[in-house]
Amino acid sequence: MSTVASGLPVGRGLLYLIVAGAAWGTAGAAASLVYRASDMGSVALSFWRCAAGLLLLLAARHLLPRAVAAPEPRVRKAMRIGATGLGLAVFQTAYFAAVSATGLAVATVVTLGAGPVLIALGARLTMGERLGRTGVSAVAGALTGLGVLVFGGGDAVVRPSGVALALLSAAGYSAMTLLTRYWGRDGGADASGTTVWAFAVTTLCLLPFALMEGLVPQTAEPALLVWLLVYIAAIPTALAYALYFAGAAVVRSATVSVIMLLEPVSAAVLAVTLLGEQLTAATLAGTLLMLGSVAGLAVAETRAARADPAAG
């Protein structure tokens with residue numbers, strides 16, 4: 001199995017991203033339960049998600065053995081952490097705002113649909129990464145599946161302000177992904193440290209907005225709310241982002257963006273199995289299209305890495 005300068009095999013990086021994408025998809029279902037159990041706002045939820053996730057990441061960093069990373073200049077490290085944290089803050093906050101402005105369906109399809117396009121262009125211009133025919137077909141198939149999955153179940157209202165916020169969210173996500181890949185190519189970036197410090201920056205960025213919205217919610221079920229927040233902080237946040245930053249450092253950026261489209265697939269499965277939503281033909285067709293695209297691109301990525309380990 002091929003490796004890159006960081007020592008992480010490309011195949012394992014792909015697995016990390018698949019798990020992260022599936023875990024991200026559970027956040028929406030958990031968030032919907034939080035909203036049912038309390039009056040917590042979206043920005044406050046994002047703040048508590050990041051703050052509690054940061055505490056879990058710090059605990060794990062002190063308890064678990066750390067991989068030895070190559071020395072990194074302090075200026076570069078500060079730039080990497082600050083830029084990644086800011087990208088994460090923009091990605092999350094602008095997405096929640098887009099959902100509020102134009103609805104979940106439009107916000108999701110614009111944010112996750114624009115992401116692979118922006119990332120593919122950025123990776124080509126800044127790092128010379130080429131998609132090739134397989135990659136282009138996979139991106140097209142994944143975006144088609146996303147559109148069918150999100151829009152196939154009902155009506156959607158498109159509002160320009162919401163679309164603009166969703167594009168801003170996509171830009172933040174794209175910048176975060178490209179920077180992680182760019183600085184991870186030579187093995188000089190510590191993925192664990194990046195995750196921890198990025199969450200510290202994001203938490204500070206979200207704090208003033210969360211204070212304006214209200215940090216402490218009203219709830220009749222405090223125990224349920226606490227457990228839901230712990231889950232959101234632990235699985236789709238601390239675990240998922242730790243795996244995401246590790247995998248994104250060794251896998252081509254465009255591949256990362258398509259694999260992370262597993263998030264709406266995971267969310268759709270949970271909506272059907274746990275929240276009682278009906279399994280429609282559109283849900284099934286969109287899910288199969290996206291899964292097929294992810295699988296095809298993952299196979300192509302692994303083959304390319306084996307053929308040219310230096311390009312991984």
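All values below were derived from every heavy atom in this structure, side-chain atoms included, with hydrogens, water molecules and symmetry-related copies excluded.
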Checklist entry - Any idea which heavy atoms bring A242 and L57 closest together, and the distance? => result CB-CD2, 4.2 Å
Checklist entry - Got a sec, which pairs hit side chain to side chain donor-acceptor pair (under 3.5 Å) with one end in residues 20-30, sequence neighbours left out? => result T26-Y231
Item to check | ILVMFWY cluster, L86 and F91 together (side-chain gap under 4.5 Å) | outcome: no
Next on the checklist: Check whether S169 reaches the backbone of L165 with its side chain - one donor and one acceptor, N or O, closer than 3.5 Å.
Outcome noted: no
Checklist entry - Hey, quick one: are L178 and Y241 part of the same hydrophobic cluster, counting side-chain heavy atoms closer than 4.5 Å, chains of contacts allowed? => result yes
Checklist outcome for this item: Note: with side-chain heavy atoms under 4.5 Å as the link, the other cluster members for L56 come out as none
Item to check | Least distance between heavy atoms, S174 atom then L118 atom | outcome: OG-CB, 3.4 Å
Checklist entry - Do you know the tightest heavy-atom contact between G53 and A238? => result O-CB, 4.0 Å
Checklist entry - Tell me the ring pair (Phe, Tyr, Trp, His ring centres under 6.0 Å) pairs involving residues 32-53, sequence neighbours left out? => result none
Item to check | Short side-chain to backbone donor-acceptor contact, E213 and A44, under 3.5 Å | outcome: yes
Item to check | Least distance between heavy atoms, V251 atom then V256 atom | outcome: O-CG2, 3.7 Å
Item to check | Closest non-hydrogen atom pair, A240 against A23 | outcome: CB-CB, 3.9 Å
Item to check | T237 side chain to C50 backbone, donor-acceptor under 3.5 Å | outcome: no
Next on the checklist: Is there a continuous path of hydrophobic side-chain contacts, each under 4.5 Å between heavy atoms, that joins L239 to L15?
Outcome noted: yes
Checklist entry - Looking at CZ of F209 and CG of L211, how far apart are the two atoms once the value is rounded to the nearest 0.5 Å? => result 11.0 Å
Checklist entry - So if you build clusters from Ile, Leu, Val, Met, Phe, Trp, Tyr with side-chain heavy-atom gaps below 4.5 Å, do L215 and L55 land together? => result no
Checklist entry - CG of L33 to CD1 of I232: how many Å apart, nearest 0.5 Å? => result 8.5 Å
Checklist outcome for this item: Which of L229, L228, V216, T219 passes side chain to side chain contact (heavy atoms under 4.5 Å, CB included) with M40? It is L229
Next on the checklist: Grouping I, L, V, M, F, W and Y whenever their side-chain heavy atoms are under 4.5 Å apart, do L207 and L45 come out in a common cluster?
Outcome noted: yes
Checklist entry - Does L54 reach the side chain of V196, with side-chain heavy atoms less than 4.5 Å apart? => result yes
Item to check | Between T195 and Y244: side-chain donor-acceptor atoms closer than 3.5 Å | outcome: no
Checklist entry - Closest heavy-atom contact between E221 and A37? => result OE1-CB, 4.1 Å
Next on the checklist: Rounded at 0.5 Å granularity, tell me how far CG in L17 sits from CD1 in I259.
Outcome noted: 5.0 Å
